[in-house]
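Everything below concerns the one structure shown next.
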Number of protein chains: 2
Amino acid sequence: MCADITDLAQALRNAGLRATQQRTVLLSILMESADHPNADELYARAKTIDDSVSLATVYRTLSALEEAGLVRKLSFENEPSRFEITPVAEHDHLIDIDSGEVIELSSDEITRLRQEMVERMGYEILSQHTLIRARKKPG
Amino acid sequence: MCADITDLAQALRNAGLRATQQRTVLLSILMESADHPNADELYARAKTIDDSVSLATVYRTLSALEEAGLVRKLSFENEPSRFEITPVAEHDHLIDIDSGEVIELSSDEITRLRQEMVERMGYEILSQHTLIRARKKPG
DNA sequence: CTCATTGCAAATTCTTTGCATAAGG
DNA sequence: CCTTATGCAAAGAATTTGCAATGAG
């Protein structure tokens, strides 16, 4: 949970990326972010730690981290992409359309079902993600 | 399958929308599009029928149709939004990342499982959609 | 007739890129 | 050192909006 800078730098190098100041900061922020921040939010948070980071670097870093498999990009409707550390356990997202809150849903059984269905069709899954738009029931 | 112009106009009015020339054309194109076109593609197709439609109207119409529940907007990663007539039977999408082809997956069982899970949490589902990125297995 | 809808062009929003400088290994 | 990454500012892509003209009911 509380990875130190050295660990992060190592994680970056293991992923084949240079462990720059900016990447380390961004990765640490993502790891301690329970929500699913977008690029602007990450940029704002990063600047409180390292005033020099630019938004361009945030985007470039997110692309690099995604390509390396360390980060997952989430495309919600009508809003900028959000990002999260690649989850160990597969999970989906429910967005409360009234509050905007994003809730993670684990979905082992569903994941297995989908996997079977898709494999029967002759495909292998690279990634899968379900987005549910929902509203709290009254009462 | 082969709805005529009158039906379309009526469908629009039933949804509380004025049945304009442009909306009727766009709705008819969507109904006969087996793929999942984006705004630009719809614009191009619409112009072959009615040269006067503008891209702005395509966007405005799609918003209106979506709000009215006639159309579903699909947010794929790294590409403009695509649109489809709101499906009668719930289904998800698999995108072949090599060919770009989009395949519809029906998912009755999975839909039911998700529904139960979410209801147990005290939410009611407004929409749900799964996007699977996959690649054809060799052989 | 009256108000919603349209086309056009300009504006926004999110994201990417070119280039000279800085910094990782 | 040598290359890759960075910041900045400018470019780009997708989508939205203001406004005067048009068209549906």
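These figures come from a predicted structure and were not determined experimentally.
Here D:dT15 presents its P atom at 11 Å from CD of B:E41, a figure rounded to the nearest Å. Between the C1' atom of D:dT15 and the OH atom of B:Y43 lies a distance of 14 Å, rounded to the nearest Å. One interatomic measurement links the two molecules: CD of A:E79 to C1' of C:dT12, which rounds to 17 Å at whole-angstrom precision. As rounded to whole Å, 15 Å separates atom C1' of D:dT6 from atom CG of A:L62. Spacing between atom NZ of A:K47 and atom C1' of D:dT6 amounts to 15 Å, rounded to whole angstrom units. What separates CG of B:N78 from C1' of D:dA13 is a distance of 12 Å, to the nearest Å. A:L55 has its CG atom 10 Å from the P atom of C:dC14, to the nearest Å. The nearest whole Å value for the distance from the CG atom in A:N14 to the P atom in C:dG25 is 12 Å.
At least one side-chain heavy atom of B:L30 sits under 4.5 Å from a side-chain heavy atom of B:L62. Inter-residue side-chain proximity for B:I85 and B:L65 is flagged as unmet; no heavy-atom pair is nearer than 4.5 Å.
If you check the side chains of A:R133 and B:S127, you find a donor sitting under 3.5 Å from an acceptor.
The main-chain N or O of B:L126 is never found under 3.5 Å from a side-chain atom of A:R135 such that the two would form a donor-acceptor pair. Between the B:T86 side chain and the B:G69 main chain, a donor and an acceptor come within less than 3.5 Å of each other.
Residues A:L131 and B:I110 do not share a hydrophobic cluster, defined by chaining ILVMFWY side chains whose heavy atoms lie under 4.5 Å apart.
Closest to the side chain of A:S81, out of D:dT16, C:dT15, D:dT6, is C:dT15. Side chain of A:R23, nearest nucleotide from D:dT6, D:dT15, C:dT6: D:dT6.
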- Note on the structure: Letter by letter from the 5' end, nucleotides 19-25 of chain D scores (B base, S sugar-phosphate only, - none; protein heavy atoms under 4.0 Å) ----BBS

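Contact annotation: B:Y59 side-chain N/O to D:dT15 OP1/OP2 distance is under 4.0 Å. Of the side-chain N and O atoms in B:S52, one or more sit less than 4.0 angstrom from OP1 or OP2 of C:dG7. Considering only side-chain N and O atoms, B:S54 lies nowhere under 4.0 angstrom from the phosphate OP1 or OP2 of C:dC8.
Atoms CD and NZ, on A:E119 and B:K137 in that order, are 4.5 Å from each other to the nearest 0.5 Å.
Across all their heavy atoms, A:A39 and A:F83 have their closest contact at N-CE1, 4.2 Å.
Shown are B:E90, B:E66, B:E104; of these, the salt bridge (charged side-chain N to carboxylate O under 4.0 Å, His left out) with B:R72 is made only by B:E90.
Of the residues in residues 68-76 of chain A, not one comes within less than 4.0 Å of DNA chain D through any heavy atom.
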